[in-house]
Amino acid sequence: MTNKRAITVAKGDGIGPEIMDATLHILLSAGANIEPEFIDIGEKVYLAGNSAGIEASSWESLRRTKVFLKAPITTPQGGGYKSLNVTTRKALGLFANIRPCVSYNPFVQSKHPKMNLVIVRENEEDLYAGIEHQQTPEVIQCLKLISRPGCEKIVRYGFEYAVRNKRKKVTCFTKDNIMKMTDGLFHKVFDEIGAEYPDLEKEHWIIDIGMAKMADTPEIFDVIIMPNLYGDIASDVAAQIAGSVGLAGSSNIGEECSMFEAIHGSAPRRAGQNLANPSGLLLGAIMMLQHIDQNDIATNVHNAWLKTLEDGVFTYDIAKGGASVGTKEFAEAVVARLGQKPSTLKAVDYTGSPSQRPIKYVRKENNIKRELDGVDVFIYSTKPTDEIGQALEKIAAPDFNLKMLSNRGAKVYPGGMSETFCTDHWRCRFLGNKAPTQADIRNLLARVEELGFEWIKLENLYKFDGQKVYSMGQGE
Ligand code: NAD
């Protein structure tokens with residue numbers, strides 16, 4: 001066939017090269033119309049002194065082909081090495097991580113024989129923004145950033161995924177009873193966009209009970225949309241309880257580029273022994289074939305793989321002590337079944353199914369009226385609470401009042417309790433007597449410095465259209 005679709009391929013580390021060779025062998029035997037371009041990523045690139053684990057020349061291939069089939073890599077121990085996965089997701093704008101978690105009962109043991117859910121995880125923001133600072137000897141901060149565009153993109157993708165893949169129910173997991181503004185926005189956007197999909201059942205669970213429910217009765221879930229950190233944890237739980245993390249693939253979808261992979265790591269102890277299960281990467285590659293509109297090949301490969309499981313051909317991790325085959329032999333068994341369908345497991349049919357690409361995000365203009373309401377000045381101090389509070393009260397005027405001091409979020413002044421444990425990191429909330437200016441804040445900081453306090457950071461307090469858009473302290 002002519003005009004093969006160029007794809008960028010990385011064989012990765014550990015078991016990566018073996019499972020990638022097995023996967024490509026199956027795809028090419030099935031007639032996939034692809035032209036792999038190989039790039040080096042991972043351990044040897046890191047150890048050659050590139051802290052990102054990827055060379056500049058590899059970005060050129062990725063940005064040109066826009067499709068990345070990636071085997072797992074080993075991140076070397078020790079500091080200074082940036083996660084290549086996080087870098088790739090952010091650099092290429094891969095905002096959606098899709099992880100189908102399916103049980104293959106009765107062929108692969110699972111406590112949840114009817115499980116068939118898909119986790120749609122936000123992939124770029126939340127605590128994974130990677131913005132951490134040690135602010136005082138006792139306190140370190142990690143910023144949780146949630147944006148409206150980020151929420152809208154992932155929630156829209158999740159609902160579209162459900163429609164396109166004939167799913168019936170979409171669930172949202174957040175912790176918005178605690179993080180009312182960040183997770184609250186995610187939940188709100190879920191409700192807003194969900195209203196555009198009246199035919200789908202919709203529900204929201206607080207993540208802790210939601211995840212407990214998912215681990216107990218996963219069959220009640222269908223598509224679950226989550227912010228980044230919860231999705232990272234929940235998707236490993238879901239894959240494991242479906243049968244094995246070795247059986248799950250994932251796609252990382254952006255508007256321009258996409259990356260497809262297994263969810264497991266490089267399993268270095270199993271490397272080079274023809275033992276590893278190539279199924280996770282193969283299932284990732286099947287998602288890639290759908291993405292590049294080779295649905296007939298995706299259908300053929302997926303059904304052949306299901307038939308292989310049905311016929312009891314297993315690698316060691318699934319055989320669990322029973323008869324097993326090696327990586328290469330497993331791949332040959334799938335190739336031998338191309339053109340066949342499973343009889344007990346449900347056969348797939350992707351022919352004619354719609355594109356899995358995201359709808360382009362269009363930024364909306366806003367004309368929100370923003371005005372300053374005050375400022376939270378964070379200071380480093382080992383002095384007693386009342387001494388700090390009384391001193392700052394005196395210098396707040398003329399532009400501000402000291403509303404409160406809080407320590408790790410709990411209000412401790414005025415009227416705190418002696419039982420509350422205090423660190424060396426204080427938030428001093430000053431509210432303006434009138435709408436303050438940035439110059440008023442600079443003058444306030446100068447007065448804080450004159451008192452001998454070291455301020456370590458500021459957070460401006462705003463009103464948007466007259467509403468306070470900052471959280472209250474616990475007990476404020
Ligand atoms: P792992 O997923 O590599 O291994 C966990 C366990 O699962 C091991 O017992 C392993 O033998 C088994 N296993 C995993 N994949 C298997 C397969 N295909 N077939 C058979 N058995 C399989 O996790 P880990 O040991 O925590 O991490 C090893 C390395 O992988 C680390 O350097 C980690 O940073 C890296 N990692 C990379 C990725 C990625 O590149 N996407 C993801 C996770 C971990």
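Start at 1 and go down the list; that is how both ligands and their atoms are numbered. Everything numeric in this text was worked out from a predicted model, so none of it was measured.
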Just to confirm, does any protein heavy atom lie below 4.0 Å from [atom]?
atom: atom 44 (C) of ligand 1; answer: yes
atom: atom 40 (O) of ligand 1; answer: yes
atom: atom 34 (O) of ligand 1; answer: yes
atom: atom 25 (O) of ligand 1; answer: no
atom: atom 1 (P) of ligand 1; answer: yes
atom: atom 8 (C) of ligand 1; answer: no

Is it the side chain (CB and beyond), the backbone, both or neither of [X] that lies under 4.0 Å from ligand 1, heavy atoms counted?
X: Asn85; value: side chain
X: Ile15; value: side chain
X: His264; value: both
X: Asp317; value: side chain

For ligand 1, is there an N or O atom under 3.5 Å from any N or O atom of [X]?
X: Ala276; value: no
X: Pro268; value: no
X: Arg269; value: no

Using side-chain hydrogen bond (donor to acceptor under 3.5 Å, both in side chains) as the criterion, point out the one residue from Thr8, Asn85, Thr88 that pairs with Lys70.
Asn85
Below 4.0 angstrom, N of the basic side chain to O of the carboxylate: do [X] and [Y] qualify?
X: Arg148; Y: Glu152; result: yes
X: Arg156; Y: Glu255; result: no
X: Lys153; Y: Glu125; result: no
X: Glu459; Y: Arg427; result: no

Can Asp183 and Thr174 be said to form a side chain to side chain donor-acceptor pair (under 3.5 Å), step by step?
CA-CA 6 Å; Asp183 283 21; Thr174 71; 4.7 Å; no
Among the heavy atoms of Ile19, does any lie under 4.0 Å from an atom of ligand 1?
no
Sub-4.0 Å heavy-atom approach of Gly246 to ligand 1
no
Under 4.0 Å from any heavy atom of Glu261, which atoms of ligand 1 are there?
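Numbered from 1, ligand 1 contributes 41 (N).
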What's the shortest distance from atom 36 (N) of ligand 1 to any protein heavy atom, and which residue and atom give it?
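For this ligand atom, the closest protein heavy atom is Gly265 CA, 3.4 Å.
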For the residue pair Lys202 and Tyr197, would you count it as a cation-pi contact if the rule is NZ or CZ under 6.0 angstrom from the ring centre and within 45 degrees of the ring axis?
no
Cation-pi geometry met for Arg121 and Tyr128 (6.0 Å, 45°)
yes
Once you measure the plane-to-plane angle for His425 and Phe378, does it fall in the parallel (<30°), tilted (30-60°) or perpendicular (>60°) bin?
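Rings of His425 and Phe378: tilted, as their planes differ by 30° to 60°.
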Checking Lys169, Arg167, Lys168 against Asp222 for salt bridge (charged side-chain N to carboxylate O under 4.0 Å, His left out), the one that qualifies is Arg167
